[in-house]
Amino acid sequence: MAKRMLSEAEGYELFQKYGVPTPAFQIVTGADEAAEAASEIGYPVVMKIISPQIVHKSDAGGVIVGISGAEEAKKAFNGIVASAKEYNPDAEIHGVIVEEMAKPGLELILGGKTDPAFGKVITFGMGGTLVELMKDVTLRILPVHESEIRTMVKEINAYPLISGYRGMKPRDEESLIAIITGVARFFEENPNVMEFDINPLRLYESGACAVDARIIVDDDYRPVGRKQRKLVPPEYFTPRSVAVIGASSDQKKMGYAVLHNLLHFPGQIYPVNNKRTEVQGLKSYPTVTAIPNPVDLAVITVPAVHVPKVMQECGEKGIPLVVVITAGFKETGPEGKVLEDRMLEIARSYNIRIVGPNCLGLIVPPRGLDTTYVHQSPNPGNIAFISQSGAIINTVVDWSLTQDIGFSAVFSVGNQSDLDFLDYLRFVEQDKNTKAVILYVEQLTDGREFMEVVSEVARKKPVVAIKSGSSQKGQQAASSHTGSLSGSYEVYMEAFRRSGVIPVRALRGAFEAAELLAAPSGYLKGRRAIVVTNAGGFAVLSSDYADMYGIQLIDLPDEIMDELNEFLPDYWSHGNPLDLLGDASEKRFEQVFEVLARHSDLWDIAFVVGFPNLVLTSEGLAKQVIKFTEKTPNPVIGTFLGGESMDAGIKLLKEHHIPNFDELEQTFKVVGRVVWQRCRAKSIGLP
C-alpha cells in the first residue's frame, strides 16, 4: 500500500478549510528566495525542511527558529538543507518552508490514525518535542460528538494548564473545542488520509495556532467491506446428536480426547473411524454418511489435508454445524489458506456453519456438551467465556474446577473462517443460562461491527474483556507522533469502554468481575459505599483502597449515627468504615445491617469484611450477610479473609450467589473498575 506524506504547506492549506488557524507561510527552494519570503511574511520567522523521508525535523537539524534578518534567512536555508542531507543522504528535499513565527503558548498535540480494526481514531494531549516521553494523551474512535470532545479535553493530566493553574490565566478552551471538532470532521471527510498530527498546536489565552502539520495519505486506500453475515440459529449450539470424525481409542490422539469428553453427553454420539467398528465402547461408522440417523453437529479431528473431503461428506449428510479442531490452515501460511478457503467453499455450498478451524471447540455445560480436549469438562454455571486462545481455555477450565466456577458456554473461536466473536455473542445474548460474558481478545477484523453488537449485548448482560498485546516490543518506528502514541491496545480499550465492555488485565480479575456482575444483586448503580467489619486494621486499609480505586465511602448522617449509638459499644469507630470491633457477635452485625437496610437509599454498595476469630464463626457472619441481602436492593459484597476457618462461610455466600473476595485490595480494585465503567457507560447513554 503506497503512502505519501503531504508537505507542511499542503497540510496547512487543508486544515485551514476546517477552521484550524495556521501561520502565514511560503515555500522556497533557494537562499535568496528564502530571504525575500521572510521579509514579506515579517520577522521573526521559522524555517523547516520539506522532505517526506524526514519525519522528526528537529532531530535532523531541519528546523531553525527566531530568524530576524535577510542574511540570517539565507544562512538558515543553506544550513537546513546541509543538515538534512547529512541526516539522510537518500531523502528527497522538496524545499524549505518559511513561516510566521507563532508566539509561545501551551503546546498540545492533535492527531489521527486509521486503525485496522476500528477505522478512524483521533488523539489529543500534551504536545511539543517531549510528546512521546510524556504520553499524556487520550483518544476517541470517530465519529465523536462535541460532548465527548469536551470530556476528552478534560481527561488529560495536564488539563489544569488549560483551565488555569496557580494563578495562571485560563487558555481558550472554546477555540480548542472548535479546532478538535473541525479536525475530526476533516478526518472523517477525507477517507484517503491515513494519519495526521498537528504538533504543536499552541493554545493561547485567546485563540490558537497550528505550528506544524503532518498528513499521510494513501490514494489507493479502500475501507474493508463488512462480512456478509447470516444469523446462526441458537439450537445449533444445543444439538441432540454429535459425530466425532477421526474418533480414536488411542489416548495419544486428539480424536480420543474429544470423544472421551463427549461420553457424558445425553444425546446420541457417533464415532467415525474407517478402520474400526468400535471406538471407546461405542459402535463406529466408516464415514459420516454411513450413520443411519440425523446428525446435528460434527467434530472433525482428522489431518488438515483430509478436511475438505470430510466437509463434503458432512454436506451430503445435511449436518448444519461443524467444529474443525484440526490445525494446519491459514495460520500456517499461503498453502494452509488455500486449504481453508477450499473447506469454506464446500461448507457454503451446503449451508454448513463452521466453528474454527484450528480451535479447541465448544462447551455447553448445562447441555452436557463438550467437543474439546480439555483435561476435565467444566461445571455448569452462568458465565460465558469466548476466547481466541485454546490454551487459555484449557488453563481457565482446569482452574475453574478448583474455584467452584461454572460456565454457561465456552467457545474457542480459532481462525474464525466462518463463525466469529459476533456469532457467539449473539448466542450468549439470548441464552437464558448466561448472566455475564468474558472475552479474551487478541485481534478483531471488523471492530466497528464488534462495537455495535457488543454494545447491544452489554445492555442486557455485563461483558468483561481481556485484550492481549498491551506491550509493543519490537514495534517498528511509527510514521507520525500519533502512530506511536495511540497503539492498537489503546484503541481496543477505548472501543471496549465506548461499548459498555469492562476491560480488565488479568484472568482472575475477569472472573471476579463477571461473578460480581452475574450475582442477583450485581448491578452496581453508583460508587457510594459503606464498609462493615470487625477488624480495625482492615477498616483502615479499606479506606485506603476505596480512595485508590474510586469508591466513595459516605459520611454517616446523624440519623444513622443515632440509631447505631443506641446499641453499639461506646468505643466503636463512629464513622465509615464501621468497625464493630473484634468482639462483635452475630447479633451486633444483625442490628447494624438492619439499620443500614432501612437507609438503603443513602448508599449503593456494602462491603462486609470478616476475619477468623473465636467470637464469631464464618458461618454466623455469612448468615447475617445473607439476611442483609434479603432486606436491601443494593449489592452486598463479602471479603472473608483468612484460611480454612473461613471456608464454611464462603461456601454459604457462594450458595446464595453473594460475591466474595479473598483479598481486600482486589475487592476494591475489581469493584472500582466495574463502577467506573458503569458510570462512564451511563455518560454515553448505555444502561
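All of these numbers come straight from a predicted model, not from anything done at the bench.
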Ion pair present between Arg226 and Glu452, side-chain N to carboxylate O less than 4.0 angstrom?
yes
Return the CZ to CD1 distance between Arg508 and Ile466, rounded to the nearest 0.5 Å.
13.0 Å
Value for CE (Met194) from CG (Asp115), rounded to nearest 0.5 Å, stands at 10.5 Å
Can you confirm whether Lys669 is buried at NZ, in the sense that more than 12 heavy atoms of other residues, nucleotides or ligands lie under 6.0 Å from that atom?
no
Has Asp136 got a side-chain atom pairing as donor or acceptor with Asn157's backbone, closer than 3.5 angstrom?
yes
Those residues at least two apart in sequence (or on a different chain) that pass side chain to side chain contact (heavy atoms under 4.5 Å, CB included) with Asp544 are Val540, Leu541
Between Glu490 and Lys135, is a side chain to side chain contact (heavy atoms under 4.5 Å, CB included) present by the stated rule, with each step listed?
CA-CA 12 Å; Glu490 289 77 17; Lys135 290 188 176 178; over 6 Å; no
If we only count heavy atoms from C-beta on, is the Phe124 to Leu201 side-chain gap below 4.5 Å?
no
Beyond-backbone contact of Ile502 with Leu517, side-chain heavy atoms, under 4.5 angstrom
yes
Non-hydrogen side-chain atoms of Lys57 and Asp212 separated by less than 4.5 Å
yes
Tell me, do Met126 and Leu161 make a side-chain contact under 4.5 Å, heavy atoms counted?
yes
Rounded distance [0.5 Å steps], CD1 in Ile551 versus CZ in Arg673
12.0 Å
Value rounded to 0.5 Å, distance of CD1 in Ile215 from CZ in Phe187
10.0 Å
I'd like to know whether CD of Glu456 has more than 12 heavy-atom contacts from other residues, nucleotides or ligands below 6.0 angstrom.
yes
Stepwise side chain to side chain contact (heavy atoms under 4.5 Å, CB included) check, Leu507 with Ile438:
CA-CA 9 Å; Leu507 282 166; Ile438 298 174; 5.9 Å; no
Under a 4.0 Å N-O cut-off, is there an ion pair linking Arg229 with Asp423?
yes
At what distance, to the nearest 0.5 angstrom, does NZ of Lys3 lie from CG of Asn192?
12.0 Å
Salt bridge flag under 4.0 Å for residues Glu155 and Arg140
yes
Does a side-chain heavy-atom distance below 4.5 Å link Val183 with Phe196?
yes
Where is the tightest heavy-atom contact between Ser417 and Glu340, given as atom of each residue plus distance?
CB-OE2, 3.2 Å
Quick one: closest heavy-atom pair of Gly19 and Ile179, and the distance?
O-CG1, 4.3 Å
Going by atom types only, do Tyr18 and Glu189 share a side-chain donor-acceptor pair under 3.5 Å?
yes
Salt-bridge criterion met for Asp32 and Lys74 (N-O under 4.0 Å):
yes
More than 12 foreign heavy atoms under 6.0 Å from NZ of Lys227: is that the case here?
yes
Flag the pair Lys48 and Glu99 as a salt bridge only when some basic side-chain nitrogen lies within less than 4.0 angstrom of an acidic carboxylate oxygen.
yes
Going from CG on Asp420 to CD on Gln388, what distance comes out if it is rounded to the nearest 0.5 angstrom?
9.5 Å
Between Asn576 and Ala529, is there a donor-acceptor pair closer than 3.5 Å when you use the side chain of the first and the backbone of the second?
yes
In terms of heavy-atom contacts, Ser51 and Ala91 come closest through OG-CB, 3.6 Å
Taking Val413's backbone N and O only, do any of them form a donor-acceptor pair with Gln416's side chain (distance below 3.5 Å, no angle check)?
no
Return each pair, listed once, that meets side chain to side chain donor-acceptor pair (under 3.5 Å) where at least one residue sits in residues 167-182; pairs must be two or more places apart or across chains.
Arg150-Glu174, Lys154-Glu173, Tyr159-Glu173, Asp172-Ser175
Counting distance only, does the side-chain N/O of Asp446 pair as donor-acceptor with the main-chain N or O of Arg448 below 3.5 Å?
yes
Could you name each residue pair satisfying ring pair (Phe, Tyr, Trp, His ring centres under 6.0 Å) that touches residues 81-122, not counting sequence neighbours?
Phe118-Tyr492
Note, Thr151 side chain near Glu148 side chain (heavy atom, < 4.5 Å)
yes
Check: Lys120 main-chain N/O paired with Thr114 side-chain donor or acceptor under 3.5 Å:
no
Look at the side chain of Asn199 and the backbone N and O of Ile109, then say whether any donor-acceptor pair between them is shorter than 3.5 Å.
no
Between Phe496 and Val441, is the side chain to side chain contact (heavy atoms under 4.5 Å, CB included) condition met? List the steps.
CA-CA 11 Å; Phe496 290 160; Val441 180; 4.3 Å; yes
Between Arg527 and Gly550 (side chain of the first, backbone of the second, donor and acceptor by atom type, cut-off under 3.5 Å), is there such a pair?
yes
When you compare the side chains of Gln53 and Asp90, does any donor N or O come within less than 3.5 Å of an acceptor on the partner?
no
Can you confirm whether Gln552 is buried at CD, in the sense that more than 12 heavy atoms of other residues, nucleotides or ligands lie under 6.0 Å from that atom?
yes
Could you check whether atom NZ of Lys330 has more than 12 heavy atoms from other residues, nucleotides or ligands sitting under 6.0 Å from it?
yes
Here the pair of heavy atoms bringing Ala102 nearest to Val211 is CB-CG2, 3.9 Å
Please check if the side chain of Lys467 supplies one atom and the backbone of Glu442 the other of a donor-acceptor pair under 3.5 Å.
yes
Glu36 and Gln26: side chain to side chain contact (heavy atoms under 4.5 Å, CB included), yes or no, with the steps?
CA-CA 10 Å; Glu36 186 178 341; Gln26 289 186 36; over 6 Å; no
Kindly give the heavy-atom pair with the smallest separation between Glu86 and Pro89, and that separation in Å.
O-CD, 4.1 Å
Do other residues, nucleotides or ligands put more than 12 heavy atoms under 6.0 Å from the CG atom of Asp555?
no
pair Phe421-Ile386: side-chain heavy atoms closer than 4.5 Å:
yes
What are the two closest heavy atoms between Leu553 and Pro577, and how far apart are they?
CD1-CD, 3.9 Å
I'd like to check Thr123 versus Lys113 (side-chain heavy atoms, cut-off strictly below 4.5 Å). Are they in contact?
no
